[in-house]
Amino acid sequence: MRTKRYGRLGIAGAVAVIAAGSILLNMNTKVMGAKNEGGAQQVQLASAAFKRGDTVALPANVPLFSNIKDSSVAADLMKIKNYTANGAKLKVNAVKDDWIQSKDEINGEQWLPAWYATKDAASIKPVSPRTFHLRPGSKFYLYPGSATVWDAGPALEKKAFIVAQQGQWYGVSLAPRIWNADFYSFRPSMQWIQAKDVSQQEDIPDGWMKSESSLSTGQVRHLTDILIHKGDTERQIAKRLGEPDWTEHSPNLSQTGDPMRIGETWRYEHEDGQVLLTFTPEGKLERMHWNLPQNGSNPGKVSAETERSDRYEFTSRMDGKALAATLPWEPVWVNQGDINYTFLQAGNEDVLLIKGDDGGFSGFYHEGSVYALDRHTGKKLWQINTGFGMFLTKLDASREYVTLYADYDPAERDYVHRIRHIRLKDGKVMWERTAKQGFEGNTVTAAANVVVVEDQVQSDGKKARITVLNAKNGKTLWTLNLSGEYRLLNEGADDPYVLYWNKNKLVAAEPYTGKVVWSKPAKKSTIDDPQHDPYFDGIQRLDPFADASQERWMLLDDQWVLIDLKTGEEQAKFAARNGQRFEVLNDGRLLIRENQNGQNYGDVHDYTTTLFDPKSNKKLWAIEGKFDRGLVEGNRVYGVLNGFPAALDYDSGSVVWNVEEEGVAIPMLLNQGSYVLAGDQLLLPRGDDLLVLDKNTGKIGGRIHDIVMGTPEHRDRDAKNGTMNRIGDDIYIGSANGRFGLYSADTLSANISR
């Protein structure tokens with residue numbers, strides 16, 4: 001199935017001439033040398049014409065070398081990172097033989113043959129790309145007439161295209177032997193051949209990615225690197241590549257803090273390569289990305305995403321043995337928001353509460369929001385923007401109201417520390433309190449029918465005032481002053497009591513009166529509580545539609561203790577250690593991950609993972625490595641093993657399948673979201689894609705059409721709980737481009753089997 005394309009793209013007779021680059025020469029450029037018999041420029045030593053401090057103007061698309069090259073370096077191992085831009089000027093920093101060097105803070109030292117600064121280089125003309133054959137014994141030249149030459153065999157001919165002409169010479173773009181390494185994409189180099197050595201040449205027809213094209217995927221990648229540029233139009237790209245296989249909403253094209261711009265991404269998908277071209281709303285090319293499998297055509301180590309050093313918008317990634325093809329799955333509805341990430345916070349029968357987050361990396365967060373959607377139609381009911389400040393939401397026990405605390409008000413451009421109690425269905429503010437009314441609200445949480453406000457009176461966190469408000473009207477019910485070490489432990493309106501730890505005692509207080517209902521001794525732990533770690537994704541996966549459990553794991557002394565919140569009784573416990581993280585599975589058992597070095601972070605192979613049953617107080621099995629994001633179904637637990645989707649036998653911990661062995665090559669080190677199960681399919685975000693995996697075999701069926709997932713760094717708990725959720729047959733899916741959609745689980749298998 002292919003998404004049809006209409007409008008601009010279908011205009012007949014469109015002509016696109018994508019040149020290798022216009023050639024400019026500064027009139028003050030120094031010229032050197034004399035003509036040889038073949039009519040080409042014979043370059044003398046650069047020192048005869050250039051000196052340090054000179055400024056030279058250069059043609060566009062001249063390769064820049066990290067150091068001086070000669071014929072001892074293979075012609076296809078030049079490791080070119082940069083080309084000159086149109087109208088480029090470089091200041092000469094050094095000269096050596098027939099080379100000149102420039103230097104800057106970003107790229108360091110860059111060398112190029114001095115010939116490109118001569119008047120002969122000004123007569124280079126771009127030509128349409130051509131394949132060619134050379135007569136036996138022909139040579140590749142570093143530049144016309146150079147003393148540096150390479151034997152031009154059939155292997156190099158297959159990797160090269162004629163793209164330019166200068167007098168009796170052809171400029172040849174030669175694909176690198178290694179495209180990706182050290183987080184860079186290397187680029188084709190430029191060699192020269194004598195026109196008289198060409199025995200045959202043929203223009204390359206447009207439609208490079210059409211099924212009838214004779215070009216290999218590697219050749220198409222080469223052509224896109226040298227002939228497709230930022231700013232090209234949709235019409236030009238359609239002429240070069242053909243119509244796309246799929247069109248999708250693009251990621252946000254704006255920088256963090258600027259208004260969202262959603263364009264369009266075109267996907268061209270072959271089994272051995274995929275190219276994605278992203279256009280602005282105005283139809284101009286903004287980004288290009290290649291996905292390539294690791295195989296004989298793409299040797300070398302599997303790498304993370306690499307980028308061209310001249311433009312971060314031009315990227316590529318070698319991605320294991322197989323690529324995920326696009327699968328259709330039509331949404332019931334989709335809401336387009338105005339902030340990047342959309343996380344489901346809570347909901348009732350008619351309304352969904354969504355958190356918007358711009359996803360800016362640590363320190364670059366500019367905007368957040370809280371808004372409500374009609375659960376049946378996806379229509380936005382109301383929205384409150386919170387700017388770059390911190391905000392918290394707590395749904396009340398009836399699920400009809402939400403308490404919102406926001407420390408910053410973007411309309412007032414000031415920190416106001418406002419608490420609002422909002423009716424979910426229409427956004428009506430039922431009551432509000434601000435700092436001017438006696439508190440700042442460093443933390444706001446809830447218990448049964450009350451809102452609990454924590455104010456840190458001292459910056460060292462050793463003195464606080466707890467204010468408990470009536471959730472119906474916002475009036476103060478009671479206050480409590482705490483001194484010394486303390487912790488407020490409430491998580492939401494399902495908590496039966498106000499819970500806090502202070503002076504080596506865990507206390508549960510009646511919400512309306514503050515009267516102590518139960519308490520128990522609990523010394524301060526010497527272990528760091530992982531719940532204070534912003535990169536920890538939380539002990540439990542929260543269901544946005546279900547009441548919270550009345551049992552909770554708490555760090556008391558140096559033990560993790562499962563407490564009955566109503567009675568204070570201990571249900572289970574195990575020893576706490578530094579370097580330890582754990583999660584509660586959907587059947588109540590625990591996956592305990594421990595770093596053997598006692599560190600909070602480290603290589604996945606530093607970890608062991610244990611399945612612990614709190615009911616029997618037994619460790620059921622342990623495995624080497626890090627296994628997280630568990631989902632239990634029957635006799636299997638699905639999760640992420642050492643960064644790769646996997647399934648373990650639930651009774652023994654043995655591996656049933658592991659996607660690392662199937663070909664997904666880049667580990668998933670950030671929590672982008674939890675598994676959702678739909679029939680025999682598992683859904684799991686990975687990179688920008690929402691993957692579909694066969695739950696029985698781990699085979700990747702593909703990636704879902706028109707969903708951009710992204711990597712929400714520092715939002716691990718939001719990602720774990722709010723990116724994807726299944727409620728009955730409804731599957732709610734957030735994104736990284738402001739879209740939030742409802743999908744039907746029943747239609748997934750039917751759609752992907754088309």
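Heavy-atom basis, side chains included; hydrogens, waters and symmetry copies ignored.
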Open item on the list: Applying side-chain hydrogen bond (donor to acceptor under 3.5 Å, both in side chains), can you list everything that pairs with Thr278, at least two apart in sequence or on another chain?
Closed with: Thr265
Open item on the list: Ring-plane angle category for His222 and Phe161, please: parallel below 30°, perpendicular beyond 60°, tilted otherwise.
Closed with: tilted
Open item on the list: Quiz question: by atom type and distance under 3.5 Å, do the side chains of Thr280 and Arg261 form a donor-acceptor pair?
Closed with: no
TODO: Using the six-membered ring wherever Trp is involved, compare the ring planes of Tyr116 and Trp192 and label them parallel, tilted or perpendicular (cut-offs 30° and 60°).
DONE: tilted
TODO: Drop me the distance from His705's NE2 to Leu327's CG, to the nearest 0.5 angstrom.
DONE: 11.0 Å
Open item on the list: Any side-chain to backbone donor/acceptor pair from Gln672 onto Gly687? Under 3.5 Å, distance only.
Closed with: yes
TODO: Kindly give the heavy-atom pair with the smallest separation between Trp99 and Lys69, and that separation in Å.
DONE: CZ2-O, 3.3 Å
TODO: Run the numbers on Val163 and Ile226 for side chain to side chain contact (heavy atoms under 4.5 Å, CB included), then give the verdict.
DONE: CA-CA 9 Å; Val163 295; Ile226 59 174; 3.7 Å; yes
Open item on the list: Using a 6.0 Å cut-off, check whether atom CD of Glu202 has over 12 heavy atoms from anything other than its own residue.
Closed with: no
Task: Full working for side chain to side chain contact (heavy atoms under 4.5 Å, CB included) between Gln110 and Asp104 - done: CA-CA 8 Å; Gln110 298 184 110; Asp104 60 54; 3.9 Å; yes
Task: Rounded distance (nearest 0.5 Å) linking atom CG of Asn93 with atom CG of Asp54 - done: 12.0 Å
Task: Pairwise distance OG(Ser250) to CZ(Arg287) - rounded to 0.5 angstrom - done: 7.0 Å
Open item on the list: So does His605 get a backbone contact from the side chain of Asp603, meaning a donor-acceptor N/O pair under 3.5 Å?
Closed with: yes
Open item on the list: What I want to check is whether the side chains of Glu713 and Thr711 have a donor and an acceptor closer together than 3.5 Å.
Closed with: no
- [ ] Decide yes or no on salt bridge (Lys or Arg N to Asp or Glu O under 4.0 Å) for Asp225 and Arg187, but give the supporting numbers first.
- [x] CA-CA 7 Å; Asp225 187 279; Arg187 306 195 60 193; 3.0 Å; yes
TODO: Give the C-alpha distance, both sets of side-chain angles, the deciding distance and a yes or no for salt bridge (Lys or Arg N to Asp or Glu O under 4.0 Å) between Asp206 and Arg240.
DONE: CA-CA 5 Å; Asp206 289 327; Arg240 285 298 197 191; 3.1 Å; yes
TODO: Could you check if a side-chain atom of Met209 sits within less than 4.5 angstrom of a side-chain atom of Glu243, using non-hydrogen atoms only?
DONE: no
TODO: List in chain and number order the residues that pass side-chain contact (heavy atoms from CB on, under 4.5 Å) with Asn340, two or more places apart in sequence or in another chain; answer none if no residue qualifies.
DONE: Asn252, Met260
Task: Aromatic plane relationship, Phe279 with Trp266 - under 30° parallel, 30 to 60° tilted, over 60° perpendicular - done: tilted
Open item on the list: Centre-to-centre under 6.0 Å for Trp208 and Tyr268, is that the case here?
Closed with: no
TODO: Search all heavy atoms of Phe314 against all heavy atoms of His229 and return the closest pair with its distance.
DONE: CZ-C, 4.1 Å
- [ ] Check whether any side-chain heavy atom of Asn291 sits under 4.5 Å from a side-chain heavy atom of Val275, and report yes or no.
- [x] no
Task: Distance-only side-chain donor-acceptor flag, Asp120 / Thr118, under 3.5 Å - done: no
TODO: Determine whether Tyr141 and Gln191 make a side-chain contact, defined as any pair of heavy atoms from C-beta on separated by less than 4.5 Å.
DONE: no
Open item on the list: Pair His249, Asp706 - check side chain to side chain contact (heavy atoms under 4.5 Å, CB included), show working.
Closed with: CA-CA 6 Å; His249 291 82; Asp706 206 13; 3.0 Å; yes
Open item on the list: So Arg52 and Val95, do their side chains get closer than 4.5 Å, heavy atoms only?
Closed with: no
Task: Validation row: Leu223, Ile204 side chains within 4.5 angstrom (heavy atoms) - done: yes
TODO: Rounded to the nearest 0.5 Å, what's the gap from OG1 on Thr224 to CD on Gln219? Could you check?
DONE: 12.0 Å
Task: Considering all heavy atoms, the nearest Ala164-Ile124 contact - done: CB-CG2, 3.8 Å
Open item on the list: Taking the side chain as everything from C-beta on, heavy atoms only, tell me whether Val708 gets closer than 4.5 Å to Arg739.
Closed with: no
- [ ] Tell me, with the steps shown, if Arg135 and Asp197 meet salt bridge (Lys or Arg N to Asp or Glu O under 4.0 Å).
- [x] CA-CA 6 Å; Arg135 293 184 173 86; Asp197 290 337; 5.6 Å; no
Open item on the list: Within this structure, what is the OG1-NE2 distance for the pair Thr315 and His289, rounded to the nearest 0.5 Å?
Closed with: 5.0 Å
Open item on the list: Rounded at 0.5 Å granularity, tell me how far CG in Leu90 sits from OG1 in Thr84.
Closed with: 7.5 Å
TODO: Apply side chain to side chain contact (heavy atoms under 4.5 Å, CB included) to Leu156 and Phe140, showing your working.
DONE: CA-CA 9 Å; Leu156 291 182; Phe140 279 1; 3.9 Å; yes
Task: Over 12 foreign heavy atoms within 6.0 Å of CD, Gln255 - done: no
Open item on the list: If you compare all heavy atoms of Trp290 against all heavy atoms of Arg221, which two are closest, and at what distance to 0.1 Å?
Closed with: CZ2-CA, 3.5 Å
Open item on the list: For a quick check under 3.5 Å, do Arg703 and Thr326 share a side-chain donor-acceptor pair by atom type?
Closed with: yes
Task: Minimum-distance pair of heavy atoms, taken over all atoms of Leu134 and Ala152 - done: CD1-CB, 3.5 Å
Open item on the list: Do Met709 and Arg686 have side chains that approach each other closer than 4.5 Å (heavy atoms only, starting at C-beta)?
Closed with: no
Open item on the list: salt bridge (Lys or Arg N to Asp or Glu O under 4.0 Å), that's the test. Do Lys284 and Glu282 meet it? Break it down for me.
Closed with: CA-CA 6 Å; Lys284 297 296 182 68; Glu282 296 74 33; over 6 Å; no
- [ ] Considering only NZ, NE, NH1 and NH2 on the basic side and carboxylate oxygens on the acidic side, decide whether Lys230 and Glu313 come within less than 4.0 Å.
- [x] yes
TODO: Kindly indicate whether the side chain of Ile100, heavy atoms from C-beta on, has any atom under 4.5 Å from the side chain of Val56.
DONE: yes
Open item on the list: Go through it in stages, so that I can follow the logic: the residues are Thr148 and Asp70, the test is side-chain hydrogen bond (donor to acceptor under 3.5 Å, both in side chains), and I'd like the CA-CA distance, side-chain angles, deciding distance and then a yes or no.
Closed with: CA-CA 6 Å; Thr148 303; Asp70 58 30; over 6 Å; no
Task: Between Gln194 and Ser138: side-chain donor-acceptor atoms closer than 3.5 Å - done: no
TODO: Please collect all salt bridge (charged side-chain N to carboxylate O under 4.0 Å, His left out) contacts where either partner lies in residues 147-165, sequence neighbours excluded, each pair once.
DONE: Asp76-Lys159, Lys139-Asp151
Task: Smallest separation among heavy atoms of Ile80 and Asn82, with atom names - done: CG2-O, 3.4 Å
